Amino acid sequence: MSKTIFITGATSGFGKASAELFAENNHNLIITGRRKERLNALATELKSKHGVDVISLCFDVRDNNAVVRAINSLPNKKIDVLINNAGLASGLNKIQNGLLDDWEKMIDTNIKGLLYVSKAIMPLMIKQQRGHIINIGSTAGKEAYENGNVYCATKHAVDALSKSMRIDLLQHGIKVTQICPGAAETEFSEVRLHGDVEKAKTIYNGYEPMSAKDVASVIYYVTTLPKNLCVNDLVLTSLSQANSYYINRV
Ligand code: NDP
Ligand code: 8X3
C-alpha cells in the first residue's frame with residue numbers, strides 16, 4: 001500500500017537517498033529543506049521517474065512559525081511516516097574552544113527543529129491513531145567523543161526524546177524508531193568543517209564509511225515491518241567501525 005512519507009532534510013545525504021528509495025517503492029512524499037532549487041529538482045525528478053506525488057516544502061526547521069505554516073499549507077493532512085532527519089554538526093573543537101554560533105546552530109536544528117516538526121505532525125498522527133516517527137540519532141548520541149561535545153549532546157537529546165515519544169505516544173498506536181548511524185560519507189563533514197571540502201574527505205581516510213544509500217535502506221526497512229512490530233532503537237555502522245571510538249583504519 002502506498003504511504004505518505006514526510007522527510008526533513010531531503011536536499012542531501014540520508015534524506016535525499018531515502019526520498020529516492022521510497023519513491024522507487026511507489027510511496028508519495030513530502031520533502032523539505034532550505035535549498036529550494038535542490039528540493040524542486042528532486043521533486044520533479046521523482047515525480048517523472050516514479051509517477052508518485054511529491055510535495056516540496058522549503059523551510060528552516062529552526063523557525064517554528066515557518067514549520068507550522070508549511071504543514072498547515074498541506075492540502076491533505078495524512079502523514080504515515082515522519083523522518084526527522086534534518087540536522088548537522090558545526091565545528092569540531094574542544095569544548096573550551098567552541099563557538100557559540102556553532103552550538104546554537106546545532107541545538108536549534110537537532111533538538112528544537114526536531115521538536116517543532118514533531119509538534120506539528122504528532123496531532124495528525126494521533127487523530128489517525130497510527131503513524132511512524134523515525135528520528136535520526138547517531139552513534140554520537142550513544143557515546144561522547146573528543147571534540148564532539150555539543151553535537152554529541154544534541155544527539156543524546158534525540159536519544160532521550162525518542163524514548164519519551166515512544167512512551168507518551170504508546171496509547172495512540174504510533175511507532176517511534178530511532179536510527180543511530182555511525183560514519184557515513186554525505187555532506188555532513190563538509191558542513192561540520194565549515195565548508196572545507198578537502199579536510200572533510202580526510203575524515204574517511206583509511207576505511208570505508210557507510211553511504212547515504214546504506215542508511216536509507218535501513219530507514220526504508222523499518223517501515224516495512226508488520227503493523228504489530230516496531231524497531232525501537234537501531235545502531236548502524238560500516239564493518240570498519242565498532243562505535244564512536246573504534247575505527248579500523250588501514
Ligand atoms: P547532509 O549534510 O548531507 O544533509 C543534511 C540535511 O539536513 C540537508 O538536507 C539539509 O538541508 C538539512 N538541514 C540542515 N539544517 C537544516 C535546517 N536548519 N532546516 C532544514 N533542513 C536542514 O548530512 P547527513 O545526510 O549525513 O545528515 C542527516 C542526519 O543524519 C543529521 O541529523 C545528522 O546529524 C545525522 N547523522 C549523520 C551521520 C553521518 O556520518 N553522515 C551519522 C549519524 C547521524 P538544507 O541545507 O537544504 O536545509
Ligand atoms: C555523525 C557520526 O561519528 O561524526 O553523527 O558523530 S559522528
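Index from 1, following the sequence. Computed from a predicted structure; not experimentally measured. Remember, it's 1-based here, ligands and their atoms both numbered in the order they're listed.
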| field | Best match, Ala140, Ala184, Ser12: closest heavy atom to atom 39 (C) of ligand 1 | value | Ala184
| Are any of the side-chain heavy atoms of Met122 and Ile133 separated by less than 4.5 Å? | yes
| note | Residues joined to Val235 in its hydrophobic cluster, side chain to side chain under 4.5 Å directly or through other members, sorted by chain and number, are none
| query | If you group Ile, Leu, Val, Met, Phe, Trp and Tyr by side-chain heavy-atom gaps below 4.5 Å, do Leu74 and Leu29 land in one group? | reply | no
| said: For atom 36 (N) of ligand 1, tell me which residue out of Tyr116, Phe14, Phe59 has the closest non-hydrogen atom. | reply: Phe14
| said: In this structure, would Tyr151 and Phe14 fall into the same cluster of hydrophobic residues linked by side-chain contacts under 4.5 Å? | reply: no
| message | Out of Ile136, Val191, Asp63, Asn135, who is nearest to atom 35 (C) of ligand 1 when you count heavy atoms only? | response | Ile136
| Which option, Cys58, Ala10, Ala86, owns the non-hydrogen atom nearest atom 21 (N) of ligand 1? | Ala86
| said: Out of Ser18, Gly15, Ser138, Gly87, who is nearest to atom 5 (C) of ligand 1 when you count heavy atoms only? | reply: Gly87
| field | Part of Thr109 with heavy atoms under 4.0 Å of ligand 1, whether side chain, backbone, both or neither | value | side chain
| task | May I ask whether Ala183 has any heavy atom positioned less than 4.0 angstrom from an atom of ligand 1? | result | yes
| Looking only at distance, does Tyr204 have an N or O less than 3.5 Å from an N or O of ligand 1? | no
| query | Does any N or O atom in Pro181 lie less than 3.5 angstrom from one in ligand 1, N or O only? | reply | no
| field | Residue selection (non-hydrogen contact nearest atom 44 (C) of ligand 1) among Ser189, Gly113, Gly137 | value | Gly137
| said: List the protein residues in contact with ligand 2, where contact means a heavy-atom separation under 4.0 angstrom. | reply: Ser138, Ala140, Tyr145, Tyr151, Phe188, Arg192
